[in-house]
Chemist: 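Take this structure, written in structure tokens, and hold onto it; I'll ask about it next.
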Amino acid sequence: MNRFWSVLFLLVPVLGIASVLMAMYGVAPLESAWLPKSLSQAGDTIDQLFNGIHLLAAFILAGTVFTIGWALWRFSDRGNSDAKALYITHNTKLEITWTVIPALILVFLAFFQMKSWAENKMNRPTVTVDGVSSFKPPMVMVKAKRFGWEFYYAGDDGIVETEDDIFVENLLVLPAGEEIVLQMESRDVIHSFYVPELRLKQDIVPGMTQFVWFNAREEKEIEIMCTELCGWGHYMMKADLNFVSRAEFDAWIADQKSAYSPEFKKAAEPTASLRTTNVLPSAELLGAAQTAVGIEN
Amino acid sequence: MAEASVENSIAPDRKGNAVSRFVWTYVFATDHKVIGLQFLFSSLIWFFVGGFLALAVRWQLAWPWSDMPIFGHMLFAESGGQMSPGFYNMLFTMHATIMIFFVIIPILAGAFGNYLIPLMVGAEDMAFPRLNMLSYWFMWPAFACIILSFFMPEYGASAGWTSYPPLSVFQGDAQSLWLLAMVFVGISSMMGSINYLTTIIQMRAPGMTMFRMPMTVWGMFITAIMQAFALPVLTAALLMQLSDRLLMTGFFLPENIAVNNGVATSGGGQVLLWQHLFWFYSHPAVYIMILPAMGMVSDIISCFSRKPLFGYRPMVYSITAIAGLGFIVWGHHMFISGMNHTLAMSFMVSTMLIALPSGIKVFNWIGTLWGGKLQLTTPMLFCVGFVSMFVIGGLSGIVMSAPPVDIVIHDTYYIVAHLHYVLFASSVLGVLGAIYFWFPKMFGRMMNERLGKIHFFLTFIFLNGTFFPMHFLSRMPRRVADPYIYEGLKDLLPLNQFMTICAIGMGLTQLIFVANFFGSMFFGAKAGRNPWNANTLEWTTASPPPHGNFDVQPIVRRGPYEYSHPDTECDFFPQTKTS
């Protein structure tokens, strides 16, 4: 019976590591689990860290839990009922060893990942005009609200939050292969902007302005998820994100401009109530906006 | 329960009829053992309530919008038994709230802290018995608030157990009850921790130096210090949110957010302030929920290895280090919250540092097993389960302490996997092991070993079946009522169904424990004073111990881990035994 329990504990590292490796290298039945294929260079770097730390963790899991299972197999009392347990109270050298080696590994990890964090969250892209370097202006202003996404594209002036912004709801179309900056604000509660394929997530906090940037290398249709609980309709707060070629993007923007008028924008101003929990504000508002500009569904 | 101890625990002037005797003994008890059992029973009842809520969450994730069994038709008659999205938000909010504040913290600090501290340090009771009684009774207003909140229009608070404003400020009245309940729980914990600290510092038996205390007492001691320092911050934050809700202040509300058909009238507050205050308590709370279990597991593993705890002092220092570092890592819950991104780097370093003392503990537990004469009893199996599951939970903690990786896995099921490996697969397994270990002391009878081992085996299998696959859902956001609304998540449905089936199995397995617990209480084999041949002081007195705990004042002559000492005949050497 003692052998039975040691096998049970030995199964933990065996199955655990097997399934981690299966997910990492796309082996059935876990081939589609874990993360979708990365769409950006920054995402690749995060994937390398993700996989690297998991391999390290799998190695440590194997070492420790295998030792536990082996100790159970070897030292459970069957067969040596006369023998006494070893009387060992401590071993300072061992303690120092298993403190210093993990410490070195962790220090390495800590420094190794700083660059990736800085690229993703701190080094906002810049542009240099006439020798003067400044932050790259955002292409789209994202306004998160219960329970939908508003996107305001910079109009001809190239600046968001001006009169000529182009408004689109729950659909973000962007050119692939270009560095894009988004500015994000919330109209009501905290939301979070999550695109798994871009390895991109940022909370959008009311009263604060956030910037995110990315460069998608392929044309692809993916989704934006809200990952911060924002109320009863949190689960349906999604938007489509389409990466298209530059030419398609220009044509699409031109289409939006022609459909665009000041009345549309006015009707889209939010008046949603936070306490009204049975109506989806975005659908209601979109209907009002469509009526205002005379669009039939 | 032995009649003798009941008789002894009544003051002479309170000997009346049976009813008043029962009330004074079990309801208004000042005996630390009765208070410990009160905490134990109320926590176990809430454990089943919280478990039901978890199963309802799993039901929705496996078969979304289908008829919920049993409760569906009672609550949602008009939709034919299908839960509403708001109800789903209530389910995970209340599951977490109940499991954290009504189960794990009270069962560790309240039940085992109360029961074991005076017995293990050789004191006749807590330093402040009446304060102790009050600390249990402050749980009841909290229970009342939470029970009442289930009958509010939204069926309870639904802003998540983290209650981030502004959402929580604009929730219905159930949220106010939730906040009040948390204030009461905090007051209860505060009174408990003051009592534990005073008892441990002032009332140790002669010879019981700090470094002769069992690890259980060390775990409780450090936990009490953490609670005493962290709780005031949480209480202040709770009252601030309550005042934002009821008095129209704006601690957590910025200007110009759309509220109630207009712009919020108050403002000028900071949304992130709540997150800082909340996590300043709630990250230490993570360690409050595991350090006592680590202490108990250390004692149990040493006892059933028949071998001294390997590296007693490093174990004490590492608990202290975990507690100290625990106060400077709260920002790792906020890497992508919009907090200054530079701060993430310093929180990352302190978070990684905490892996060191945690690793030291694991290595020392393995060192204790190595070369021992292992007895694989039920409590031992649960404790070895604790160690191996804690390794998984700790390692996934290192993965997410890396901020770039956390960008991907923050607020996804990966986090849910991690926290359940630490809180359920570690803390709860440790608690179950401790119940099997100290049950003979509490009730004078042994629990059934065969049922205990079946309970362990099924729990161990099902918990891994439920929680391990969650690691692979690192693109599925948590707190989403219907993830399959996203094209990219539709393929995760079969995996979710598998996890739900395992979760239901795990829930049913706990019925074996209930049967064993109550069956053994009445029909178990008589235990005697020291059924496990353990060294610590609680095993030198009767089972269950009488009022006042010890027949004679215990004199402590050695540390608690002198198992298989070369100079002794038998393989244990109680702390009080004269050589």
Side-chain angles (χ1 to χ4, degrees), chain A residues 2 5 9 12 23 32-35 46 49-50 53 57 60-61 64-65 67-68 71 75-77 84-87 89-90 95 98-99 102-103 106 110 113 116-117 120-122 187-190 196 199 201-203 205-208 210 223 225 227 229-230 232 235-236 238 270 273-275, chain B residues 85-86 160 164 166-167 170 254 257-261 271 306-308 311 314 336-338 341 345 349 352 355-356 359-360 362-363 366 369-376 388 391 395 399 402-405 407-408 410-411 472 474-475 477 479-482 485-488 491 564-566 571:
Chain A
N2 289 325
W5 296 115
F9 286 108
V12 172
S32 68
W34 232 331
L35 298 170
I46 290 179
L49 272 172
F50 185 85
I53 301 177
I60 299 169
L61 177 72
T64 45
V65 185
T67 316
I68 293 172
F75 299 111
S76 46
D77 60 0
K84 255 186 168 180
L86 297 175
Y87 183 81
T89 56
H90 64 283
E95 300 282 352
W98 64 43
T99 310
L106 290 172
Q113 69 200 335
S116 166
W117 176 254
N120 277 288
K121 294 285 181 192
M122 291 162 76
R187 288 204 185 277
D188 35 47
V189 300
I190 306 175
R199 311 290 188 262
K201 192 183 285 143
Q202 179 60 55
D203 282 9
V205 182
M208 295 172 81
Q210 314 289 347
E223 288 158 313
M225 304 175 177
T227 44
L229 179 65
C230 55
W232 71 271
Y235 73 101
M236 56 164 102
K238 72 164 184 172
S273 159
L274 275 166
R275 287 200 198 262
Chain B
Y164 281 6
L167 178 67
F170 304 124
I257 58 172
V259 182
N260 303 335
N261 296 316
V271 174
R306 313 309 296 167
K307 193 165 164 284
I336 60 153
S337 68
H341 296 302
M345 293 294 98
V349 171
M352 290 202 158
L356 289 179
I360 291 170
V362 170
F363 296 138
I366 296 175
L369 290 172
W370 197 261
K373 193 174 154 186
L374 310 186
Q375 301 171 346
L376 299 185
S388 49
V391 172
L395 288 171
V399 174
V405 178
I407 295 175
V408 187
H410 180 82
D411 260 331
F472 302 115
S474 47
R475 63 195 143 114
R479 298 173 168 180
V480 167
D482 182 7
I485 202 166
Y486 294 103
E487 288 298 324
D491 59 324
S564 304
H565 195 281
D571 65 353

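So that the names make sense, note that chain A is the first sequence line, chain B the second, and so on, each numbered from 1. We use all heavy atoms of the structure for the numbers below, so side chains are in, but hydrogens, waters and symmetry mates are not.
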Chemist: Test side chain to side chain contact (heavy atoms under 4.5 Å, CB included) on Leu35(A) and Ser474(B) and set out the steps.
Modeler: CA-CA 7 Å; Leu35(A) 298 170; Ser474(B) 47; 3.6 Å; yes
Chemist: Ser116(A) and Pro404(B): which non-hydrogen atoms are nearest, and at how many Å?
Modeler: OG-CB, 3.4 Å
Chemist: For the interface with chain B, which of Thr99(A), Asn120(A), Thr64(A), Leu49(A) has the highest count of heavy-atom pairs at distances below 4.5 Å?
Modeler: Thr64(A)
Chemist: Do the non-hydrogen side-chain atoms of Arg199(A) and Ile407(B) ever get within less than 4.5 Å of each other?
Modeler: no
Chemist: Quick check for you: to the nearest 0.5 Å, what is the distance between Lys373(B) atom NZ and Ser76(A) atom OG?
Modeler: 12.0 Å
Chemist: Find the one option among Gly359(B), Gly160(B), Pro85(B) whose heavy-atom pairs under 4.5 Å with chain A are most numerous.
Modeler: Pro85(B)
Chemist: Without swapping roles, check the side chain of Lys201(A) against the backbone of Ile336(B) for a donor-acceptor pair under 3.5 Å.
Modeler: no
Chemist: Is Phe75(A) close to Leu369(B) at the side-chain level, that is, under 4.5 Å between some pair of heavy atoms?
Modeler: no
Chemist: Are any of the side-chain heavy atoms of Pro166(B) and Asp188(A) separated by less than 4.5 Å?
Modeler: no
Chemist: If we define contacts as heavy-atom pairs under 4.5 Å, which of Val349(B), Val391(B), Asp571(B) has the most with chain A?
Modeler: Val391(B)
Chemist: What part of Met225(A) is in contact with chain B, defined as an atom under 4.5 angstrom from a non-hydrogen atom: side chain, backbone, both or neither?
Modeler: both
Chemist: Below 4.5 Å, heavy-atom pairs only: which of Arg306(B), Arg479(B), Met352(B), Lys307(B) has the largest tally toward chain A?
Modeler: Met352(B)
Chemist: Within the side chain of Glu223(A), is there an N or O that forms a donor-acceptor pair under 3.5 Å with the backbone of Gly488(B)?
Modeler: yes
Chemist: In chain order, what residues pass the side chain to side chain contact (heavy atoms under 4.5 Å, CB included) check against Pro308(B), with sequence neighbours excluded?
Modeler: Tyr87(A), Thr89(A), Tyr561(B)
Chemist: Less than 4.5 Å apart, any side-chain heavy atom of Leu167(B) and any of Ile190(A)?
Modeler: no
Chemist: Name the option with the most non-hydrogen atom pairs under 4.5 Å to chain A; the candidates are Pro566(B), Gly371(B), Pro477(B).
Modeler: Gly371(B)
Chemist: State, to 0.1 Å, how close Ser388(B) and Val65(A) come at their nearest heavy-atom pair, and which atoms those are.
Modeler: CB-CG1, 3.9 Å
Chemist: Please flag which part of Ile366(B) lies under 4.5 Å from any non-hydrogen atom of chain A: side chain, backbone, both or neither.
Modeler: side chain
Chemist: Heavy-atom distance under 4.5 Å to chain B: side chain of Gln210(A), backbone, both or neither?
Modeler: side chain
Chemist: Is Phe9(A) in contact with chain B via its backbone, its side chain, both, or neither, using a 4.5 Å heavy-atom distance?
Modeler: side chain
Chemist: May I ask you to decide if His341(B)'s main-chain N or O and Trp117(A)'s side chain share a donor-acceptor pair within less than 3.5 Å?
Modeler: yes
Chemist: Provide the closest heavy-atom pair for Ile485(B) versus Lys238(A) in the form atom of the first, atom of the second, distance.
Modeler: O-NZ, 2.9 Å
Chemist: Let me know if Trp98(A) has heavy atoms under 4.5 Å from chain B in its side chain, its backbone, both or neither.
Modeler: both
Chemist: Please report the shortest heavy-atom distance between Leu356(B) and Ala103(A), naming the atom on each side.
Modeler: CD2-N, 3.4 Å
Chemist: Measure Tyr164(B) against the heavy atoms of chain A and call it side chain, backbone, both or neither at under 4.5 Å.
Modeler: side chain
Chemist: Is it the backbone or the side chain of Gln113(A) that comes under 4.5 Å from a heavy atom of chain B, or both, or neither?
Modeler: both
